A.B. asks: 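Questions regarding the structure given below will be posed in turn.
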Amino acid sequence: MSEVNTSKMFEALSIQADHKDLIHDICFDFYGERMATCSSDQYVKIWDIDDNDGWQVSSSWKAHHGSVWKVTWAHPEFGQVIATCSFDRTAAIWEEIGGYYN
């Protein structure tokens, strides 16, 4: 029976998230090329892979009036769409239009 070397299967990278409070959720898009984070600071941030295989914030906005607990991407057939939910008892759907989420 052969052993599987799992030490090379995953690599941990740290990013400077610049959220002002706890990050509650992180979600990658369908292709793994974009990432969304949400936090108790009431902000959602969208990240893109930069030229050095690191992550760069491409969009950041105050999404709710309470901690944002969950963020998820829609299937790409619907465009660049994410959904969020918050402690303020609201859920929101956000669509990227011209580089900004509305």
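Model, not experiment: these values are computed from the prediction.
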A.B. asks: Do you know the tightest heavy-atom contact between Y101 and S59?
C.D. replies: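 So the minimum-distance heavy-atom pair works out to CD1-OG, 3.8 Å.
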
A.B. asks: With a 4.5 Å heavy-atom cut-off, do H24 and S67 have their side chains touching?
C.D. replies: yes

A.B. asks: Whether the D41 and H19 side chains hold a donor-acceptor pair (N or O, under 3.5 Å, no angle test) is what I'd like checked.
C.D. replies: yes

A.B. asks: Can you confirm whether the side chains of H65 and S86 place a donor and an acceptor under 3.5 Å from each other?
C.D. replies: no

A.B. asks: Are F30 and I82 connected into the same hydrophobic cluster when the rule is that any two of I, L, V, M, F, W, Y join if their side-chain heavy atoms are below 4.5 Å apart?
C.D. replies: no

A.B. asks: Would you say Y43 ends up clustered with V71 if hydrophobic residues are merged whenever their side chains have heavy atoms under 4.5 Å apart, either directly or through other cluster members?
C.D. replies: no

A.B. asks: With rounding to the nearest 0.5 angstrom, report the CH2 to CD1 distance, W47 to I26.
C.D. replies: 9.0 Å

A.B. asks: Rounded to the nearest 0.5 Å, how far apart are CZ of F87 and CD of Q42?
C.D. replies: 11.0 Å

A.B. asks: Can you sort out the partners of E77 under side-chain contact (heavy atoms from CB on, under 4.5 Å), two or more places apart, ordered by chain and number?
C.D. replies: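 If we apply the side-chain contact (heavy atoms from CB on, under 4.5 Å) test to E77, skipping adjacent residues, the hits are H75.
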
A.B. asks: For the pair V68 and D88, evaluate side chain to side chain contact (heavy atoms under 4.5 Å, CB included) and give the outcome as yes or no after the intermediate values.
C.D. replies: CA-CA 8 Å; V68 185; D88 66 11; over 6 Å; no

A.B. asks: Taking the side chain from K45 and the backbone from D18, do they hold a donor-acceptor pair closer than 3.5 Å?
C.D. replies: yes

A.B. asks: Would you give the length of the straight line joining atom CG of D51 to atom CD of Q56, rounded to the nearest 0.5 angstrom?
C.D. replies: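 D51 atom CG to Q56 atom CD measures 9.0 Å (nearest 0.5 Å).
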
A.B. asks: Just verifying a value: how many Å separate C38 SG and D21 CG, rounded to the nearest 0.5 Å?
C.D. replies: 11.5 Å

A.B. asks: Please determine whether residues I49 and I46 belong to a single hydrophobic cluster, defined as Ile, Leu, Val, Met, Phe, Trp and Tyr linked transitively by side-chain heavy-atom distances below 4.5 Å.
C.D. replies: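 The answer is no; the residues belong to distinct hydrophobic clusters.
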
A.B. asks: Relative to each other, are the rings of H64 and W94 parallel, tilted or perpendicular (30° and 60° limits)?
C.D. replies: perpendicular

A.B. asks: What's the verdict on side chain to side chain contact (heavy atoms under 4.5 Å, CB included) for W61 and V44, showing C-alpha distance, side-chain angles and the deciding distance?
C.D. replies: CA-CA 6 Å; W61 71 97; V44 172; 3.7 Å; yes

A.B. asks: Kindly determine whether I97 and Q80 satisfy side chain to side chain contact (heavy atoms under 4.5 Å, CB included), including the steps that lead there.
C.D. replies: CA-CA 8 Å; I97 299 172; Q80 294 296 309; over 6 Å; no

A.B. asks: Between atom CG of D48 and atom CZ of R34, what is the distance when rounded to the nearest 0.5 Å?
C.D. replies: 4.0 Å

A.B. asks: Supply the atom-to-atom distance M35 CE to D29 CG, rounded to the nearest 0.5 angstrom.
C.D. replies: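 That separation rounds to 10.5 Å.
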
A.B. asks: Please step through side chain to side chain contact (heavy atoms under 4.5 Å, CB included) for the pair V81 and W73, ending with a clear verdict.
C.D. replies: CA-CA 6 Å; V81 175; W73 290 91; over 6 Å; no

